Amino acid sequence: MLKQVQKYFEFSRKESRGITVLLLFIVLVWITPIFYGYVFVADDINYSDMVKPLISSQQMDQFEKPQDEEVSGNVAHLFHFNPNQLPVTEWEKLGLSEQQINNIKNYESKGGTFRTKEDFKKLYTITETDYENLEKYIALPSRSDMKKPVTRNNENVLNEKKEKKVRYNAHPTAYVKTIELNAADSTDLLQLRGIGKVFASRIIKYRALLGGYSHPDQLLEVYGMDSLRYKEIKQYLWVDKAKIRSININEAEYETLIKHPYIKPKDANVIVQYRRQHGTFNALEELLSIDLFNDEYLLKIAPYLTLMND
C-alpha cells in the first residue's frame, strides 16, 4: 500500500529541479516588497503643496479676469465713465445697443443732463439689468462742477441755422446749402456726402411715418444710418418744427395712433382707454399719470401730439 502511494508522488530528477526553481521564484516574489520597503524609503509627500497651486490658479481666474458683463445681450468691457457727452464708441465698449445709444444722444441733444445715477436709469431703453451692471461704474462729477445746460429757444436756433449760407461738404468741388429736413426732396438730400438714392428715399419715407422730423438726430433711426455717416452730414441739417404733422390725442382712435413709429399698440390702447374713462386730456403732461409713460418718452413724443385740431 505504501509503495503504491510513493509511486504516485515520486518525481524524476528533472521534475524535482523544476519544482525547486518554482518554489524559489515564489519566495522571491513574496520577500521582494518587504526588502524594497527597507532599502528605499520614500520622502514624505505634502499633499497640501499639490492642492495649493490649483487653488491659487482658481483665485487668479476669479480676481484677474477682465470685468466683462452682458449688457443688452452684448459683451461689455466695463470701466468707470461719466455718462454726460460720452462718445458713441465708448458707449459701444460698455455694451449698449445702437438703439440705446441713439436714445441717450437724443436725450442730450434736447438739453438732457445726467445729474444723478437715477437719471440714467430713467431712460426707457435702459433695462433694470443694464442699470445694475453699469451703476457702480457711473462716475458723476460733484454738483458744483456740473455745468448748467445751455438752453436756446427754437426761434434762435432756427435763425442761427438760416444764417449759415454755404458749407463745404468734403467733396473736392461740391458745395451744399444747409437743408431743412421737413421740406427737402431727393435732389436736396443727394447733395449730402454718403447719401445716395436709397438713403434719400428712406429719409423721406421715415419723415412721412413720423409726420416730420423734430430733430436732425432722428436720422439715426433711419434703417442703415450709422453714426459715422450721420456725423459727416449733421452740420448741414436743420428742422422746422412748424412743418410737423401732429396727432390730436383727444380724437385719434387706436388705428390712427399705432401708425406712428413712436406709439406702440399697448401705448395707443392705454391712451384711448384712459380718455374714455377720464375724458379729454387738458395737457400733455397728464400722460405722466399713466404708469406706462415717463418724462423721457413724453419728451420724445410731445412734438407729434396736440390737444386740438389745427
Side-chain angles (χ1 to χ4, degrees), residues 1-105 114 116-141 220 223-229:
M1 182 71 176
L2 183 58
K3 288 182 178 182
Q4 290 178 346
V5 173
Q6 289 177 342
K7 182 179 179 180
Y8 282 107
F9 289 96
E10 284 183 355
F11 300 101
S12 66
R13 182 177 295 179
K14 186 177 181 180
E15 290 172 336
S16 297
R17 283 200 299 268
I19 292 172
T20 301
V21 171
L22 179 61
L23 291 173
L24 288 173
F25 179 75
I26 293 172
V27 172
L28 181 62
V29 172
W30 179 63
I31 67 173
T32 295
I34 300 174
F35 176 75
Y36 183 84
Y38 283 107
V39 176
F40 301 99
V41 179
D43 295 334
D44 291 338
I45 299 175
N46 187 348
Y47 290 98
S48 63
D49 290 339
M50 298 174 65
V51 177
K52 284 180 180 178
L54 295 176
I55 297 175
S56 178
S57 175
Q58 292 169 353
Q59 290 174 337
M60 291 297 288
D61 288 342
Q62 179 180 354
F63 295 109
E64 294 186 3
K65 184 178 180 181
Q67 295 298 311
D68 290 357
E69 297 285 351
E70 187 171 292
V71 178
S72 293
N74 301 323
V75 176
H77 304 285
L78 302 181
F79 53 87
H80 289 90
F81 66 96
N82 180 349
N84 291 295
Q85 304 302 324
L86 189 69
V88 171
T89 53
E90 298 299 293
W91 284 119
E92 290 174 346
K93 291 178 183 178
L94 290 167
L96 268 65
S97 67
E98 183 177 350
Q99 180 184 4
Q100 290 175 312
I101 297 173
N102 290 342
N103 175 236
I104 292 171
K105 291 304 176 183
F114 300 105
T116 66
K117 294 183 179 182
E118 286 69 25
D119 290 341
F120 180 70
K121 183 180 181 181
K122 290 177 182 177
L123 294 178
Y124 74 94
T125 54
I126 302 300
T127 66
E128 190 69 30
T129 301
D130 292 342
Y131 180 74
E132 289 176 359
N133 290 335
L134 295 173
E135 185 269 336
K136 61 182 178 181
Y137 295 97
I138 299 175
L140 289 167
L220 288 167
Y223 178 75
M225 178 67 72
D226 56 70
S227 56
L228 294 178
R229 191 193 305 265

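Throughout, residue positions are numbered sequentially from 1 according to the sequence presented. Computed from a predicted structure; not experimentally measured.
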Query raised in the report: Taking atom CD of Glu90 as the centre, does the number of heavy atoms from other residues, nucleotides or ligands within less than 6.0 Å exceed 12?
Result: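 Buried by this count: over 12 neighbours within 6.0 Å.
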
Working to the nearest 0.5 Å, report the span between [atom1] of [X] and [atom2] of [Y].
X      : Y      : atom1 : atom2 : value
Tyr131 : Lys122 : OH    : NZ    : 10.5 Å
Glu118 : Glu135 : CD    : CD    : 7.5 Å
Ile126 : Phe120 : CD1   : CZ    : 4.0 Å
Leu96  : Ile104 : CG    : CD1   : 5.0 Å
Lys121 : Ile138 : NZ    : CD1   : 10.5 Å
His80  : Leu140 : NE2   : CG    : 11.5 Å

Compare every heavy atom of [Y] with every heavy atom of [X], then report the nearest pair and how far apart it is.
X      : Y      : answer
Glu98  : Leu220 : OE2-O, 4.4 Å
Glu92  : Ile101 : CG-CD1, 3.6 Å
Asn133 : Leu78  : O-CD1, 3.7 Å
Leu134 : Phe81  : O-CE2, 4.2 Å

